[in-house]
Every structure is written in structure tokens, then in C-alpha cells.
Amino acid sequence: MTELLRKTAAELGELIAGREVSAAEVAQAHLDRIAEVEPKVNAFLHVNAETVLAQARAVDERIARGERLGPLAGVPVAHKDVFTTKDMPTTAGSKILEGWIPPYDATVTSRLREAGLVILGKTNLDEFAMGSSTENSAYGPTHNPWDLSRIPGGSSGGASAAVAAYEAPLSTGTDTGGSIRQPAAVTGIVGMKPTYGGSSRYGVIAFASSLDTPGPFARNVLDAALLHEAFSGHDVMDSTSIHAEVPAVVEAARQADIAGLRVGVVKEFGGEGYQPGVLARFREAVDLLESLGAKVVEVSCPSFAYALPAYYLIAPSECSSNLARFDAMRYGLRVGDDGTRSAEEVMALTRAAGFGPEVKRRIMLGTYALSSGYYDAYYGQAQKVRTLISRDFDAAFHQVDVLVSPTTPTTAFPIGERADDPMAMYLADLCTIPTNLAGNAAISVPCGLADEDGLPVGLQIMAPVLGDDRCYRVGAAVERALEDRWGGPLLAKAPAL
Amino acid sequence: MPYDEALERFDPVLGLETHVELGTASKMFCGCPTEFGAAPNTQVCPVCLALPGSLPVANAEAIESTIRIGLALNCSIAEWCRFARKNYFYPDMPKNYQISQYDEPLCTDGYLDVVVDGRTVRIEIERVHLEEDTGKSTHVGGATGRIHGADYSIVDYNRAGIPLVEIVTKPIAGTDAMAPEVARAYATELREVMRSLGVSDVRMEEGSMRCDVNVSLMPRGSAEWGTRTETKNVNSLRSVERAVRGEIERQAAILADGGRIIQETRHFHEDTGRTTSGRSKEEAQDYRYFPEPDLLPIAPDRDWVASLKAALPELPSVRRARLKQEWGVSDLDMEAMHNADAIDLVEATVAAGAPAADARKWWMGELARRANEAGTALAELPITPGDVARVTELVASGALNDKLARQVLEGVLAGEGTPDDVVEKRGLQIVNDEGELSAIIDKVLADNSDAADKVRSGKVAAVGALVGGVMKASRGKADAARARELILEKLGVS
């Protein structure tokens, strides 16, 4: 592996800006790495080397002309295949969109381009971002670089694996119930779910509109903050986007000072169903925070117990409506249009053939939950739980500045282990879902390897709405202290591919 | 069953759901233009085509227009409300859900007064809400022009996403035999309210105003409402009236035979005035409404709503009351002008200088007759209020008499130019030249010596034939009164 691949995104940005290395060289190094490891990892659904090099050369030319670009200009990024890109196919991991090339860029896509980032390709995901393992992709599972027989998390599993396998220094993801934080945790990297509305959903193929949040992956906290800053901020194309300054996340990641910070440990997360090695690393991380000057208290959030069931009513309800547009009429797959069938039959045949089992399961769940006579008992009740969860967060953030928990109850599980057991699969998001329901911010940073399997464990740091900077400040402090202890990044311990 | 018999046995109950396309420059949730008649699928974008990843952004002007409509209809304006998704699959609806409003409409509980045969009927408004229009399907082949049985269908998404306001009345009972006229009067009045607000061009033939007519019958003396049908495809004010009448007759016949009315959607046919069965609503479709998560709630500021209310234009009923007073006409005259869509034309003619009585006389008389003959609306006649005012001026000055004025109007309608052009080209000026008139009279007296002698001998009544001869000889251009004076003078009997 060349030295360029080991560099952080911040370092690469400086080298390219100082013309010590060209963006094209950096891009080529990553393309070579992709060619080398993709057969094992399957993180990407689409890579076009020519397009990549053309983007990189364009950045080099802009720099040569003396244009002042952002700190990530020329740095490669892997883009989750749920963001529309007008020069690349966008599938959302589904057969129903196979080969579709959107006529427009997502806001996140265009901001990456404006900032001079070089988009390497589109990463694999659970179909329509529904899943926690990337096994629900119509294009085959992605493998965890730590152990290729295991899942890389999901739904943004291609994004986490690409960064963990050094195929890209940065990647984008979306987090609806934990789809950034859980993959980051199980691949030993950093993943951030910003405050809902802090990053634009325009051009993000919708799963659950009130929950979907684009966010960054990186191998360290500062890089994640730089990417976060590059694509966040108000967007007139997204009505739910927040009219506010992007929190000073880069500054917070650089400060990394937590003296006097009040940290709450969520009492409800832990115990049965949690892997001992995960809990051990989590407790050490809490002790570490205390040793760095934080004041740690236990906080109770009793409504969090109902977060998972509420989520599995709200998210499927919204998805049942959001996915109705895939009807073979205007784009994507069309099945059975032989001139003898009605539009309705073609719609039904196309949806039967184009959607995978998990997507169908959620569409049916949501259709049922919204139906007349059941709405109040299911969707309506779930919305009330959502309000209670927000109140638990409000009360907690009255007492403390951040809340912490393990990101996931277990480390990466073997591919296939939970594929036939949706309930077991859903438990992977137990600790991450409350944040999606309340719309606040949370990050996952690596906090060590579980003793029993030697796989990465993530520490989740939750902050109030628009308190994204706190996630980075605490995450960076933990990262700095742990890397001192480990003598380098956790990822250095990963086996060579 | 004949209408009168139906009314003897049953009491009709009406309900009207009116959709009005707002005339905003851009669509409800995207920036696409809204002009009617563009080439198919040219006014579309990722949002109104529902491409994956696209999101709606609400049109602020459409929200303002809806609130103004609500205020004009005396509604309460919600302090907080949301859009909702109405879920159903249909190829002309790109998202397969319509962004609409469900249990939280922008405007509720208003009314609109209409006048029929001099009687004021208060139509209560249940709600006014904002939604988006669908695309337009054309079903090719097959007998019905509808999707079932068609060979194929084509969809134009230019209309998809145009802001649509739905105005729903409460059930309208107690109108008896007037029900069809009440329905028409309501639609007419509503259209005028929209026009006065400037929120829509309300052209029923282009579909920018569409009325769905609900009708049910209850037997006389019963307190229980019957099963209703909803008639769609009612594309003119006249059709509103005919659809109600036709549906009353159809339902009455079924009920009188001991039959049962099926709750269904029916389609109105302009050519026959009849309705045919459409989709049955017996198994109520479940639209799975839920609050639209892609849009923020609407919370209209109270001061802003108050300022919108204060800035409402003069509403049509208020204006009619004012004009009635200014013009000194009766209620029935006013209603007649209203029904003929003549009020704007009369007002503009008065503004151009004509006396109100003359303006009304020409528009409601000769011009109404011409419009009727041509099968066109009064306003579509190729003549301006300024032209009509000029004709009244020419009559008042004595340059034209009524008969000549009618010829002038005919010339203007035939495209011969302004009234003055027509007078000139057709030579329609009254003969005021005494010398010319005198010469004509001399010739008439010479040709009719018998009649002249009778007058000379004291039979003055015989002068009529001579005046007639002068009028004929002058081809109607002579001033008949002056001709009479001159004849008597020449014959020495004055």
C-alpha cells in the first residue's frame, strides 16, 4: 500500500494545495487500491476511472491557476449510491433502479464537486438503505475489511468498508436509524449523523423522510468534520433543512478539549443482549473521559425502551409512501409491458420483481400501519413515543452536555447469521435509533477491539440538536487519548487485505 | 322521471366540490412554469416528475392565495396546519401520492351567498384546502375514452404539480326545484370571487375550474338523507345546472321503482346531458393519509392574515349592490346581467362614457341576441365596450337612430372597423343636409301627387305615406321628424 493511502484527508488536502502531489496522483493511488481489494470487499457498485481522473485533473488545473479551493480540494471521496449523480448510475442498491442515470445532482453531490472533492464512485448499501448489514443489496454483500466473512454494517456498508479498506479516505453515508454510526463502529472508523436538517436531503433517494440524514465517514475525527463542513448547511431545495450556521465542527475537532464537560451514561443501554467485549471497551472509554477531566453521571431515558418499535412503525410508514413512485412509468425497471397488460398489472409485476424481500416487508408493514382503523394505534402511537423520546433527550441535556453509549450492542456479525431473522437484525440499531427519532446529533468513534473476537467497538457520543460540534470535540479528545495509548490509529491493527 | 314529478316526490340535497387551479407563475412544489397549452412534458423537472431523491418546496404565493380565497369566503384561517399525503396509485400522479391537506385544512367554516330568482341562498363552505394537480392522461383507443379498455394511454405531466385549491360546501338542502339553478349560481359566484381576487383565470373549458357535483334525494317528509353520487367532468356553468337536473331525474326514477342508489362516481356527458357510471365508491378507497414529512407545517401569522383580509378587493356581491344603486336598475335586471355575464361589459361601457341605461340596453338586447345566434359568450363578441359607448354617443347626438345603430353594430361585429369606420364605409349618417332632404321630398311629392293632394285638402294623416316614401328614398338615413315638418311646410298646411 502506498504512503498516500495512509494519509489523512486533511494531509492530502494540504499536499495537493501545496502542489507537492497532484490530485490525479492521489486519485490514481486510490483507483489502484480499489482494483486490488474490490474483489474481496465489494464496497463499490460503480467506479469509472476515467471520470475520476478527469475530475482530479480539473482540480489540479484550478489549483495551478491559483484558485483558492477548500481544504479537501483534490481529496477522493466514495459516495453512497443513494445520492443522485448526473454522471454516474444511481441505484439505491435496488434492481428497480438498475442503470438509471439521474438528470440531476443531489445537493450533497454538487457541494462535494464545488469543494473540489473527487468522487471515486458509488458505494454499496442495503436496498433503499433498509438494513444493518449491506446484505440486502441487490448487488451482493459488502465484506468487512477486518474479517471478510463478516458484515461491514449497514445500510452504509460500502461506505464504511471503502474507508476501512483504504479505498477512500472519506465517504458519504445516510443515517436513518444508525446507518452511518453502526457501520463506522463495526469497521473501526468514524461516522457522524448530523442534526436532522443540518445536511440536505435533496437528491437523497428517500427511505424515511423524517429520519434520513446525510453524514460523513472518515478514518479520524478531524477528517469527518472537514467533510461534514464541506457538504452541510441550509438548502432551499429541502424544506426541512435548518436555517442556521453549520456548527463549528472543524474547530471543535481541532480543540478536542473536554475539561469540565458533563457526560451522561445512558442507563438503559447495556446488560442483556450486549456483548461483554463491547461493554468492557465502553466502560474503559467512560473512565478515559473522566480521566480527561469530564464529569460523568448516569442518566435515565426511560422512553428509549420504546424507540425500536416506534421506529419500525414510523420508518416503514414513510417508506411505503416514498417508494410508491417506483412504478415503471417514468424510469427504472419495467416488467410485463407486452402490450396485453394494464398499467396496474405492469406496476405490480415490476414492483414484485424489482424490490427485495426486506423492502417489501417494510412497505407492507407501513401500508398496514397507515391504513384506516389502524393509523391511531400504530402510526399515531409511534409519533407520541417519538415526542416522549425527544423529551427524554431534553431532560438529559439539561443535566449533561453529551450522552454516551456503545454504538452497537455487538461487534460485526458473520454474513448470513441474521439474514433470516429480521428482529435480530433490527437490534443492531438499538442504541442509535433514539437519536434519529429526536433529530439530534451523534457520532461513533472507535474505542478498541472486543476481547472475544478482536473486532472494533464504537463509542457513541450524542449531543443536542445543533450541538454537532460537541460530538466532534468529545470524539477528538477520545481519539487523541486512545491513539496515544494504542500508538496509532485502531485501523493499523486491522489485518492486511 | 320528468323533473317536476321528481321534485314532487323527493327533496334534493346538493354538495359541490370545486377545484380551482391557481394562476401562480410556478408550480406548487417546484419552479416549473404553469402556462396552459405548452407542448406535452416540456414544463417538468425532477420534482414534479417525482424523480428519486427530489423534494417539494411549498409555493408561498399559493398559500397566500388560498388564505385570500378563504377570507373572501368568510372562512376561519388555521393557526397551524399541515400538508398530508394522499396515497393511491395512478399513472398520472408521479409520486403515486398527492400532496394535499386532510384533517388540517387551511380554511374552514365559511359561506357564500348567491341570488336565484331574487331569493338569497346561503351556501355554507366546509373547507378550503391546497393541493397539487395531477398530470393529464389521454386514453387512446377503446370505446369509453377511459383507462379501462384503452389500447394505450399517454400522460402529459405539464399539469402535474400545478397548485389546486379545493373548495367544499356543506350539504345544501331545502333548495327544492331551484337546486340546479342554485348549483349554477354558486359556481358562477365562486368563479367571480376568484376573478375578483385575481388568483385564477377560472376557465372551466380549460379545466382551471372544475366542479364535482354531489346529489342525493330524500323522499318528501323524510329526515334521512339518501345515498349520494358524485358527478365529475362537468366543464361549464351550464353543465353544472344540467348535471344536477339530470341526476335528480335519474335518481328519482330509480327510487320510484324501488331501486337503490349506488354510491359512485359518475361522468357527465356534455352532448346528452346524462351521466354514466364510473368508479364505485362502495368499497371506500383507503388513502392512508399521513402528515407530509417533507414539508414544514404552515402557521400563518395573525397580523399577516389580518392585513390580507384588509386588502381584499371589493367582492362581486358587494360590487353588484353598488352598481345596482349607481345604475338605478332593479334586482331582476341586475340578476339578468349577472347571468348573462354582462356586468363587466356594462360597467366598462359606462366607464367609456355611455349612460348606464343605454349600455345595458345594447348589451342585453341587440348584442345578447347576436351572441346567442353565434353561440358565443357576450364577452367573446368582437366588439369593445368603447365601441358600444361610441354608438350610444352617436345616437344621443342624433347622428344615428336605433335602426342605423344596429347596422353599425353589425358592421363592427363583421370586422369592418370602429363604429365611425362603419358609419363612413356604409354611409349610415342620418341626412341632415336640408338641401338634399328638400330635393328628396320634392321628388317624392311629384311621384305621389295623389297623396300630396289629400294632405293639401286637409287629410293630414296621409302625410305618413309621404314620410315613408322619403325614408325609403333616403334608405333610412333621413330624420323622419324633420322630413314630416318639411313636407307639411311645402304643402302649406303647417
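In what follows, chains carry the letters A, B, and so on, assigned in the order in which the sequence lines appear, proteins first and then strands, with residues in each chain numbered from 1.
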Is the distance between the ring centroids of B:Phe290 and A:Tyr379 under 6.0 Å?
yes
Is it the case that atom NZ in B:Lys136 sees more than 12 heavy atoms from other parts of the structure closer than 6.0 Å?
no
With a 4.5 angstrom heavy-atom cut-off, is it the side chain or the backbone of A:Leu323 that approaches chain B, or both, or neither?
neither
Using a cut-off of 6.0 Å, state whether more than 12 heavy atoms not belonging to A:Tyr374 lie near its atom OH.
no
For B:Pro46, which atoms come within 4.5 Å of any heavy atom of chain A: side chain, backbone, both, or neither?
side chain
Nearest-0.5 Å distance that lies between atom CZ in B:Arg85 and atom OG in A:Ser321
4.0 Å
Counting heavy-atom pairs under 4.5 Å with chain B, which one of A:Met347, A:Met329, A:Glu344 comes out on top?
A:Met347
Contact part of A:Asn322 toward chain B, heavy-atom cut-off under 4.5 Å: side chain, backbone, both or neither?
both
Against chain B, label A:Ala343 side chain, backbone, both or neither, depending on which of its atoms sit under 4.5 Å from a heavy atom there.
side chain
Looking only at atom types and distance, does a side-chain atom of A:Arg330 sit under 3.5 Å from a main-chain N or O of B:Pro94, one as donor and one as acceptor?
yes
What heavy-atom pair brings A:Tyr375 and B:Pro291 nearest, and what distance separates the two atoms?
OH-CD, 3.2 Å
Mind checking whether B:Val57 and A:Tyr202 have side chains closer than 4.5 Å, heavy atoms only?
no
Is it the backbone or the side chain of A:Thr367 that comes under 4.5 Å from a heavy atom of chain B, or both, or neither?
both
Contact between B:Ser54 and A:Arg325 at the side-chain level, heavy atoms closer than 4.5 Å - yes or no?
yes
Between the side chain of B:Asp286 and the main-chain N/O of A:Ser371, is any donor-acceptor distance below 3.5 Å?
no
Ranked by heavy-atom pairs below 4.5 Å to chain B, first place among A:Pro102, A:Gly203, A:Ala106, A:Gly366 goes to A:Gly203
CG of B:Asn96 to CG of A:Asp327: how many Å apart, nearest 0.5 Å?
4.5 Å
Would you compute the distance between atom CD of B:Gln285 and atom OG of A:Ser372 and round it to the nearest 0.5 angstrom?
12.0 Å
Heavy-atom pair count under 4.5 Å with chain A, highest-scoring of B:Leu295, B:Leu51, B:Asp151
B:Leu51
Reported CE-to-CG distance for the pair A:Met237 and B:Leu55, which is rounded to 0.5 angstrom
8.0 Å
From B:Asp294 atom CG to A:Ser210 atom OG, the distance as rounded to the nearest 0.5 Å:
9.0 Å
Proximal component of B:Tyr152, with respect to chain A [non-hydrogen, under 4.5 Å]:
neither
Where on A:Val82 is there a heavy atom nearer than 4.5 Å to chain B: the side chain, the backbone, both, or neither?
neither
Which atoms of B:Asn87 come close to chain A, meaning under 4.5 Å heavy atom to heavy atom: side chain ones, backbone ones, both, or neither?
side chain
Which of the residues B:Pro91, B:Pro52, B:Ala58 is involved in the greatest number of heavy-atom pairs with chain A at under 4.5 angstrom?
B:Pro52
Using a cut-off of 6.0 Å, state whether more than 12 heavy atoms not belonging to A:Lys360 lie near its atom NZ.
yes
First locate atom OG of A:Ser317, then atom CZ of B:Arg288, and finally report the distance between them rounded to the nearest 0.5 Å.
9.5 Å
